[in-house]
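If you read the sequence from its start, that first residue is 1, and numbering goes on from there.
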Amino acid sequence: MADSKQDFKQIIAEAVNEFIKQKTPDGQEIQTVEAEKIVVQSAPDPAMGDLGSPMFAFAKALRMAPPQIAAGVAELAAEKAKAKGLGQVLAVGPYVNIKLDKAGAAFPILSAISSQGKNYGSLNKDGKKPFEGRKVMVEYSSPNTNKPLHLGHLRNDALGESVSRILKMAGAEVYRTIIVNNRGIHICKSMLAYKLFHEAKGDTPESLGMKGDHFVGQCYVEFDRYYKGEKDKPETAHPEALTMAEEMLVKWEQGDKEVRALWEKMNKWTLDGINESYARTGMGFEKYYYESETYLLGKETIQQGLDKGVFYKADDGSVRIDVTEAVGKGKDGEPQQKVLLRKDGTSVYITQDLGTAIKRHDDWPFNQMVYVVASEQNYHFKVLFYILKKLGFDWTDKLYHLSYGLVNLPSGRMKSREGTVVDADDLIDNLRDEALKAIKERGRDDEVGNAEEVAEKVALGALHYYLLQATPIKDMLFNPEESLSFNGNTGPYLQYMGARINSILDKAAEAGIKADGSAQAVSLLTSEDEWTLIKQLGEFPAVVEKAAENLDPSGVAAFIYEVAKDFSKFYQTCSIVNAQSPELAGARLYLAQCTLTVIRNALELVLVPYLEKM
């Protein structure tokens, strides 16, 4: 489809320039239009054509109504299109449209899919990878080592991993990083609870039959209950627990051997558990950064900025910067300041982020750095990027905050064992169990092979597709029942369509039909439903490029659903086994093969496992 669009652009540009020349008075300078400036888009109604180009942009210069321009340009473009065998050009109101020659346009689309296979989608209209040579670092997940991953992490993880895969398909070199928040008062609260309630008993995740992150998360909840006491029983509270945790943090910073040993043990428990969750959901990272190693990195940078006059010392001794230029004035109309070092010289969170950003660029000099972090941190990243720019780092303009909205569940469903947040493992377990139940109810447990493995993949497909189909910035409600539906715009429906096509290919092979991708065979695919599907498949490279540019997987998700719907309609009206001729049967089987290739490639980008049987 990209080749046809490019050819049509060129033809329209030539016709527009001829029309402008015709309408420009003698002696007046003629303004020419480059082909790249011509807008070409899919026509909304196939009866009006396949592609269209609006003429509004030329109305002012030519002092003519767009429909008049379209009529004149269409007349000039018609001969050029005919000579190239591109198709029939016609004027439709203010648009110049073309009905492409189906046989001529279909063959290059399907042959590209067949020849490129798993790589189809990576090349743009010029046959190049659009992000070739670009080095993109993506940071996502940012877990804490005092609790398991939760529902918010699942959206973060899905976005980060999906964007990474999309960028990689578009040709970028991608380096996935993670910052693990493994120090601070919240970590010490879990450690204190362990000492109070578990150490003497020798409790470990193994002895209790728990994942390590769940056990440490339980300790965190136990601290909170111990500190606050039982509901409506203030006499059971232990306010001194906070002081004890703060004292533990001081000892940690001083390098106390006993505290550090416990910290290392509990950190390992949590990270082992979290890494199990990452393996389960298909997440991966090229480098782990730990807050315990990075929290002091920015202090030297702050001192350098202070020496250069970028920062200043406030009357209370703290180091600050005026960030009004970046975030505007406060509610009271006063300039806004950001503290970078407290008056006692200790660092704050942004101090660490400044140092970490610089270290990352030193570690792996990127062309672009993408932070996948919730919209709650919009202010933080505006300030971070502003400060780095003020410090003179020329790569600051390549920093991007991929801000995403909050995600919640409907009123209290599937609450986690912690009782306050939705535990990621619990959520996936529930989805898997419901998927397994549906498989058994349909009597498909013997047909699909290992029913539990299939149910796990259905659960992951349901989860990831639901989280990625919405544009990132939107807040969303994750509805488990909707996500698991085998009908409509869901991951399981798309997995079913992939399995269904695979079954169609198997049955065709049993019937002795062989796929035929020759130009002669493909020229037989001229029905409207065949052509609609082929055109849609041809859009995939453009969909990938746009998703990479916008760092937004939702376009890929929407594309897969459209392909699935188009294939379903094609299969209803265009029989393969009962085609009018063996040649047409082979061509339709070839189209089905190409469709499956595109669906599999696209599903991979949105983290939906492909299933051969379902």
Side-chain angles (χ1 to χ4, degrees), residues 140-154 156-157 178-228 238 241 244-245 248-249 251-252 256-285 288-293 414-433 436 452-453 455-456 459-460 463:
Y140 70 91
S141 199
S142 304
N144 295 311
T145 55
N146 66 318
K147 56 188 176 184
L149 300 177
H150 54 66
L151 180 58
H153 283 112
L154 290 175
N156 184 305
D157 292 350
I178 181 173
I179 179 74
V180 179
N181 303 302
N182 67 337
R183 63 166 291 277
I185 189 66
H186 52 298
I187 308 299
C188 290
K189 288 177 180 178
S190 293
M191 292 164 59
L192 180 60
Y194 176 78
K195 288 185 71 67
L196 289 171
F197 308 119
H198 298 283
E199 188 174 50
K201 296 186 289 182
D203 287 345
T204 67
E206 292 79 13
S207 69
L208 297 174
M210 300 175 70
K211 278 183 78 212
D213 52 334
H214 292 168
F215 175 56
V216 176
Q218 177 181 299
C219 291
Y220 187 60
V221 173
E222 287 170 345
F223 171 88
D224 193 60
R225 290 173 182 164
Y226 181 72
Y227 172 58
K228 293 178 180 176
H238 293 82
M244 294 167 68
M248 184 177 281
L249 178 59
K251 288 183 177 180
W252 181 91
D256 181 277
K257 288 184 179 180
E258 182 182 340
V259 171
R260 284 282 178 143
L262 177 60
W263 171 76
E264 288 176 1
K265 178 165 65 175
M266 294 185 72
N267 260 243
K268 186 177 186 305
W269 286 341
T270 308
L271 286 172
D272 285 349
I274 287 173
N275 283 328
E276 281 183 42
S277 299
Y278 287 148
R280 182 181 191 182
T281 54
M283 308 301 140
F285 305 92
Y288 279 65
Y289 288 87
Y290 298 91
E291 188 178 345
S292 59
E293 298 170 356
M414 294 202 295
K415 291 288 186 180
S416 77
R417 60 174 59 84
E418 294 181 42
T420 55
V421 296
V422 181
D423 180 277
D425 292 311
D426 284 353
L427 178 58
I428 299 171
D429 286 349
N430 274 275
L431 291 171
R432 179 203 60 209
D433 293 346
L436 184 59
E452 288 193 2
E453 284 185 8
E456 173 83 0
L460 292 174
L463 172 70

Enquirer: Go through the steps to decide whether M210 and Q218 satisfy the test side-chain contact (heavy atoms from CB on, under 4.5 Å), and finish with yes or no.
Expert: CA-CA 10 Å; M210 300 175 70; Q218 177 181 299; 3.5 Å; yes
Enquirer: Any sub-3.5 Å donor-acceptor pair from W252's side-chain atoms to G184's backbone N or O?
Expert: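 Checking the backbone N and O of G184 against the side chain of W252, no donor-acceptor pair under 3.5 Å is found.
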Enquirer: Can you name the closest pair of heavy atoms from P148 and G217 and give their distance?
Expert: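 Closest approach of P148 to G217, heavy atoms only: CD-CA, 4.1 Å.
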Enquirer: Over all heavy atoms of both residues, which pair between K251 and V259 is shortest? Give the atoms and the distance, please.
Expert: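 So the two residues come closest at CB-CG2, 3.9 Å.
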Enquirer: Do N146 side-chain atoms and S190 backbone N/O form a donor-acceptor pair below 3.5 Å?
Expert: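 The answer is no, because no donor-acceptor pair under 3.5 Å joins these two groups.
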Enquirer: Please check if the side chain of D423 supplies one atom and the backbone of D425 the other of a donor-acceptor pair under 3.5 Å.
Expert: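 Judged by distance alone, yes, a pair lies under 3.5 Å.
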Enquirer: How close do L149 and D213 get, counting heavy atoms only, and between which atoms?
Expert: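 The pair with the smallest heavy-atom distance is N-OD2, 4.4 Å.
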Enquirer: Within a radius of less than 6.0 Å around CD of E222, do more than 12 heavy atoms belonging to other residues, nucleotides or ligands occur?
Expert: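 Correct, the count exceeds 12.
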Enquirer: Mind checking the CG-CG spacing from L427 to L431? Nearest 0.5 Å is all I need.
Expert: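 Rounded to the nearest 0.5 Å, the CG-CG separation comes to 5.0 Å.
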Enquirer: Which atom pair, heavy atoms only, marks the closest approach of C188 to A245?
Expert: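 Heavy atoms only, the tightest pair is CB-O, 3.7 Å.
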Enquirer: Just verifying a value: how many Å separate M191 CE and L249 CG, rounded to the nearest 0.5 Å?
Expert: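 The CE atom of M191 sits 9.0 Å away from the CG atom of L249.
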Enquirer: Report yes if the side chains of L460 and I428 come closer than 4.5 Å at any heavy-atom pair, otherwise no.
Expert: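 Answer yes - side chains close enough.
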Enquirer: Taking the side chain as everything from C-beta on, heavy atoms only, tell me whether E456 gets closer than 4.5 Å to R280.
Expert: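 Yes; the side chains approach each other to less than 4.5 Å.
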Enquirer: Is the shortest heavy-atom distance from the side chain of H198 to the side chain of C219 under 4.5 Å?
Expert: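 H198 vs C219: side chains touch.
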Enquirer: Enter the distance from K211:NZ to N275:CG here, rounded to the nearest 0.5 Å.
Expert: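 Rounded to the nearest 0.5 Å, the NZ-CG separation comes to 9.5 Å.
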Enquirer: Grab the two heavy atoms, one from I178 and one from P143, that are nearest each other, plus how far apart they are.
Expert: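 Looking at all heavy atoms of both residues, the closest pair is CD1-CD, 3.5 Å.
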Enquirer: How about N156 and S142: do any of their side-chain heavy atoms sit closer than 4.5 Å?
Expert: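 Side-chain contact under 4.5 Å: no.
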Enquirer: How far does NZ of K147 sit from CG of N181, to the nearest 0.5 angstrom?
Expert: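 It is 9.5 Å, given to the nearest 0.5 Å.
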Enquirer: Mind telling me whether Y288 and F285 have parallel, tilted or perpendicular rings, with 30° and 60° as the class edges?
Expert: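 F285 vs Y288 ring planes: perpendicular.
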Enquirer: Say you draw a straight line from CG of D272 to OG of S277; how long is it, rounded to the nearest 0.5 Å?
Expert: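 One gets 11.0 Å once the value is rounded to the nearest 0.5 Å.
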Enquirer: Does E258 form a salt bridge (Lys or Arg N to Asp or Glu O under 4.0 Å) with K195? I'd like the steps, not just the answer.
Expert: CA-CA 11 Å; E258 182 182 340; K195 288 185 71 67; 3.2 Å; yes
Enquirer: Within the 4.5 Å heavy-atom criterion, are V180 and T145 side-chain neighbours or not?
Expert: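 SC-SC contact between V180 and T145 confirmed.
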Enquirer: Which one of F215, F223, Y226, Y220 satisfies the ring pair (Phe, Tyr, Trp, His ring centres under 6.0 Å) criterion with F197?
Expert: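 Of F215, F223, Y226, Y220, ring pair (Phe, Tyr, Trp, His ring centres under 6.0 Å) with F197 is met by Y226 alone.
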Enquirer: Decide whether D157 and S141 meet the rule of one side-chain donor and one side-chain acceptor closer than 3.5 Å.
Expert: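 Side-chain D/A pair, D157 to S141: present.
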Enquirer: Do H153 and M283 have side-chain heavy atoms sitting under 4.5 Å apart?
Expert: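 Side chain of H153 against side chain of M283, heavy atoms only: no contact under 4.5 Å found.
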Enquirer: Please tell me if the side chains of N182 and W263 come closer than 4.5 Å, counting only heavy atoms from C-beta onward.
Expert: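 Sidechains of W263 and N182: in contact.
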Enquirer: Looking only at atom types and distance, does a side-chain atom of S207 sit under 3.5 Å from a main-chain N or O of D203, one as donor and one as acceptor?
Expert: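 Checking the backbone N and O of D203 against the side chain of S207, no donor-acceptor pair under 3.5 Å is found.
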Enquirer: When rounded to the nearest 0.5 angstrom, what is the spacing between CG in D426 and CG in L151?
Expert: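 Between D426 CG and L151 CG, I get 11.5 Å after rounding to 0.5 Å.
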